[in-house]
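Worksheet for the structure shown next.
We name chains A, B, ... by the order of the sequence lines, and we start the count at 1 in each one. Nothing here was measured: the structure is a model prediction, and the numbers come from that model.
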Amino acid sequence: MPRSFFSRDPRRVARELVGKLLIRQQGRKVLAGRIVEVEAYLGASDPAAHAASGITERNRVLFGPPGHAYVYFIYGNHFCLNVSCQPEDKAGCVLIRALEPLAGLAEMARARGLPATDGKVACEKLTSGPSRLSRAMGVTRARDNGKDMTTPRSGLWLADDGFRPRRIGRTPRIGIQKAAAEKLRYLIAGNEFVSG
DNA sequence: ATATCGATTATCT
DNA sequence: GATAATCGATATG
């Protein structure tokens, strides 16, 4: 996806990111999944956003150019992956919450510590949830924070394979305290890999 | 099927 | 010193 795609209102980016691909490549190994659930965070004006209280060491990627990975650590265990969007001063982003795994399922299961059986693994548990998908894709803050997600050269990027979701649903965001009523969670309606 | 709870630590106040 | 954009385990109907 080109930089211009991310240089827009996070709500717009979020809605259009649903159905796109998240791809990780390291050496010969390729992991890929279709994005089936995201949330928009609106930046300085959004009380629920990490950018709300201004720039810090943790969130500084949000105040940089659009299309870059913002990875944060939470609850003592978990990493979550966002992509920065909008012009820098707005500091918006989109949280990637769930994938439909497409390539590298065995590798993902291994990364998740799930029984890497042949054929059908516990698929729905693999990449449904922001920390689960980060774990499955090997995303960490140390490795990936700040990466440019508009180019394969970063090894972690977003792509359009032409797929268009039949219907996109919208609900309130999950797990937040402030601005909890805003419907800023976007998902493929009826998709079995959506979390929650 | 839904509800509740503990884990565990970087980050911010 | 308190908190957190979660997960997995356990308990209960």
(message) Closest-nucleotide mapping onto DNA chain C: is A:G76 or A:S195 further toward the 5' terminus? I mean the 5' end.
(response) A:G76
(message) I'd like to know if the side chain of A:S128 and the backbone of A:F193 have a donor-acceptor N/O pair within less than 3.5 Å.
(response) yes
(message) What is the first contacted nucleotide of DNA chain C and what is the last, in 5' to 3' order, if contact means an atom lying under 4.0 angstrom from a heavy atom of chain A?
(response) C:dA4 to C:dG8
(message) Tell me whether A:R135 at atom CZ has more than 12 heavy atoms from other residues, nucleotides or ligands lying less than 6.0 Å away.
(response) no
(request) Provide the closest heavy-atom pair for A:V36 versus A:V18 in the form atom of the first, atom of the second, distance. (result) O-CG1, 4.3 Å
(request) Would you mind telling me which residue lines up with the more 5' stretch of DNA chain B, A:S53 or A:I74, judged by nearest nucleotide? (result) A:I74
(message) Quick check: do A:L158 and A:F5 have side-chain heavy atoms less than 4.5 Å from each other?
(response) no
(request) Rounded off to whole Å, could you give me the OH-to-P distance for the A:Y72 and B:dC12 pair? (result) 14 Å
(request) Could you tell me whether A:R8 atom CZ has more than 12 heavy atoms of other residues or ligands within 6.0 Å of it? (result) yes
(request) May I ask you to check if A:R173 and A:Y41 form a cation-pi contact, with NZ or CZ under 6.0 angstrom from the six-membered ring centre and within 45° of the axis? (result) yes
(request) Give a yes or no answer on whether the side chain of A:S84 reaches the backbone of A:Y70 with a donor-acceptor pair at less than 3.5 Å. (result) no
(request) Answer yes when A:D148 and A:R3 have at least one side-chain N-carboxylate O distance shorter than 4.0 Å, and no when they do not. (result) yes
(message) For A:E39, run the salt bridge (Lys or Arg N to Asp or Glu O under 4.0 Å) check against A:R11, A:K183, A:R97 and tell me which one passes.
(response) A:R97
(request) Please round to the nearest 0.5 Å and tell me the distance separating atom CG of A:L62 and atom CD of A:Q86. (result) 11.0 Å
(request) Determine which bases of DNA chain C form Watson-Crick or G-U wobble pairs with both distances under 3.5 Å, and write the result as a 5' to 3' dot-bracket string with | for other-strand partners. (result) ||||.|||||||.
(message) Whether A:K147 and A:D144 form a salt bridge (side-chain N of Lys/Arg under 4.0 Å from carboxylate O of Asp/Glu) is what I want to check.
(response) yes
(request) Rounded to the nearest angstrom, tell me the gap between atom CG in A:N77 and atom C1' in B:dC5. (result) 14 Å
(request) Using whole Å, report how far CZ of A:F73 lies from P of B:dA7. (result) 15 Å
(message) Over all strands shown, is A:R112 touching base, sugar-phosphate only, or nothing at heavy-atom distances under 4.0 angstrom?
(response) sugar-phosphate
(message) Can you pull out the residues from residues 54-70 of chain A that lie within a 4.0 Å heavy-atom distance of DNA chain C?
(response) none
(message) Distance check needed: B:dA7 C1' versus A:H78 NE2, whole Å only.
(response) 8 Å
